[in-house]
Novice: 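I'd like to ask some things about the structure below.
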Amino acid sequence: MSALLSTILILLLLVLVVPVGVLLLQALMAFSRGRPAAMPVAARPRLAILVPAHNESSGITATLDSLRSQLAPGDRVLVVADNCSDDTAVVAARGGAEVRERFHATERGKGFALDFGVRCLAEDPPEVVIIVDADCIVAPGALERLAREARQHGLPVQALYLMHAPAGAGLMKKVAEFAWLVKNQVRPLGYHRLGLPCQLMGTGMAFDWATLSTASLANGHIVEDMKLGIDLALSGKAPRFCPDALVWSSFPSSEAGTESQRTRWEHGHLSMILSGVPPLLGKGVLSGRPQLIAMALDMSIPPLALLAMMVMVAFGLALLLALVLGALLPLAIATALCAAFGVAVLLGWWRFGRATLSAGNLLMAVWYVVRKVPLYLKFLVNRQVEWVRSKRDSE
């Protein structure tokens with residue numbers, strides 16, 4: 001009986017070796033201080049900035065302001081006011097954007113808005129389209145960098161997309177900011193330095209017209225960006241990361257908005273692990289395409305809090321088995337996993353996260369992990385499967 005329990009636990013621990021090992025590799029590669037890449041030599045293409053917006057009148061002006069100074073003659077900014085019940089369309093037009101309104105009783109979600117926007121742009125196709133969410137700020141120079149990268153490589157390009165805790169936010173939101181930083185900066189940067197692709201992140205995404213105009217966008221998928229990244233990778237267009245182009249936004253101040261946002265992102269991510277990783281990995285192995293295998297391994301990493309929870313539970317079970325039955329091999333593997341996970345997190349924190357979290361606050365992140373248990377239990381019994389916009393602070 002003890003041998004059977006030990007074998008089962010070892011198999012479960014070996015499953016965790018993949019996400020923890022990939023995370024550690026990414027953190028190690030991201031830790032070194034690389035130099036900013038030179039601007040691509042490709043000429044700046046004619047741009048269209050596509051901004052999907054659903055009831056974003058309170059924040060879209062700041063987004064448009066961050067875009068305006070980066071535009072060149074011939075560029076367009078198209079705002080799709082999608083199923084809005086506020087004055088988003090009026091505010092966007094006042095901010096100098098071209099505005100198209102879309103209303104549909106059942107086809108709701110960002111994917112449908114993007115599909116509608118692309119069909120509008122087809123009336124006068126640009127060379128490159130950059131998708132920017134209506135609550136994001138685009139850092140100076142980011143549009144040119146993304147546009148030239150997309151033109152030069154002929155691949156989708158993903159900007160560095162960060163989320164910040166609002167001013168005066170408590171510890172939990174600061175920990176959430178750090179977890180986001182690990183997911184959207186440490187991990188893709190590590191892969192980028194290995195010449196490997198990244199996931200699409202929903203905003204700050206640049207595509208040449210031929211790629212985006214033929215992509216399957218019209219869906220209400222809860223994480224349409226991850227799905228689009230997989231679809232494009234399978235078609236030979238795996239996205240590139242561009243760490244020198246920055247797009248950022250802020251977490252909602254309200255607990256309701258934060259909870260809604262977190263549930264959509266993390267339930268969607270877990271669903272994509274179950275549905276997206278197997279075909280991506282299978283096709284990568286069967287066709288000998290390492291970029292697909294790399295994307296599948298990256299996507300197999302669950303949200304940081306959940307991975308921490310899984311590692312801690314595995315260590316606890318291994319310790320219990322060692323104390324009761326004297327099985328030491330599972331404990332050795334679990335200890336190694338804890339060490340690898342801890343090193344990966346500390347590397348990311350030391351290199352990128354110290355301005356966000358003090359060392360003491362980082363230790364308090366255990367409470368952040370515990371507080372997320374109900375969210376992951378909800379995935380098992382009542383997971384979110386439909387796109388729902390997060391409530392903004394002004395609502």
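Along the sequence shown, the residues carry numbers beginning at 1.
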Novice: With no hydrogens and no angle check, just 3.5 Å: does a side-chain donor-acceptor pair link Asp86 and Ser57?
Specialist: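 There is such a pair (donor and acceptor under 3.5 Å, judged by atom type) between the side chains of Asp86 and Ser57.
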Novice: Can you find a heavy atom in the side chain of Cys242 that is under 4.5 Å from one in the side chain of Arg145?
Specialist: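 With C-beta onward as the side chain, the pair touches.
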Novice: Restricting to side chain to side chain donor-acceptor pair (under 3.5 Å), what partner residues turn up for Ser358, sequence neighbours left out?
Specialist: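 So Ser358 forms a side chain to side chain donor-acceptor pair (under 3.5 Å) with Asn361.
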Novice: Which of these, Leu307, Leu347, Val343, sits in a side-chain contact (heavy atoms from CB on, under 4.5 Å) with Leu23?
Specialist: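 It is Leu307, the one option of Leu307, Leu347, Val343 that forms the side-chain contact (heavy atoms from CB on, under 4.5 Å) with Leu23.
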Novice: Under a 3.5 Å cutoff, is there a donor and acceptor pairing between the side chains of Ser85 and Asn55?
Specialist: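 Asn55 and Ser85 do have a side-chain donor-acceptor pair below 3.5 Å.
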Novice: Within the side chain of Arg46, is there an N or O that forms a donor-acceptor pair under 3.5 Å with the backbone of Asp75?
Specialist: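 The answer is no, because no donor-acceptor pair under 3.5 Å joins these two groups.
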Novice: Just checking, Arg354 and Trp350: is the charged tip under 6.0 Å from the six-membered ring centre and within 45° of the axis?
Specialist: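 Yes, a cation-pi geometry holds between Arg354 and Trp350.
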Novice: Are Phe315 and Val17 connected, step by step, through hydrophobic side chains (Ile, Leu, Val, Met, Phe, Trp, Tyr) whose heavy atoms are closer than 4.5 Å?
Specialist: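 No, no single cluster joins them.
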Novice: Has Glu127 got a side-chain atom pairing as donor or acceptor with Leu47's backbone, closer than 3.5 angstrom?
Specialist: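 Here the side-chain-to-backbone pair does not exist.
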Novice: Quick check: do Leu71 and Leu143 have side-chain heavy atoms less than 4.5 Å from each other?
Specialist: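 The answer is yes; the side chains approach within 4.5 Å.
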Novice: Less than 4.0 angstrom from a charged side-chain N to a carboxylate O is my criterion; do Arg151 and Glu149 meet it?
Specialist: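 Salt bridge flag = no for Glu149 with Arg151.
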Novice: Using the six-membered ring wherever Trp is involved, compare the ring planes of His164 and Trp248 and label them parallel, tilted or perpendicular (cut-offs 30° and 60°).
Specialist: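 Correct class here is tilted.
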Novice: Pick one: which of Asp115, Thr203, Asp133 meets side-chain hydrogen bond (donor to acceptor under 3.5 Å, both in side chains) with Lys110?
Specialist: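 Filter result, single survivor: Asp133.
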Novice: Are Leu200 and Met226 side-chain neighbours, meaning at least one heavy-atom pair lies under 4.5 Å?
Specialist: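 Side-chain contact under 4.5 Å: no.
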Novice: If we ignore angles and hydrogens, is there a donor and acceptor under 3.5 Å between the side chains of Asp298 and Gln26?
Specialist: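 Present: a donor and an acceptor within the cut-off.
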Novice: Is Asp231 close to Lys227 at the side-chain level, that is, under 4.5 Å between some pair of heavy atoms?
Specialist: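 Heavy-atom side-chain distance check passes, below 4.5 Å.
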Novice: Does Glu144 come within less than 4.0 Å of Arg44, counting only side-chain N to carboxylate O?
Specialist: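 Salt bridge: no.
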Novice: I want to check something: taking the side chain as every heavy atom from C-beta on, are Leu78 and Ile49 in contact at a cut-off of under 4.5 Å?
Specialist: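 No, too far: nothing below the 4.5 Å cut-off.
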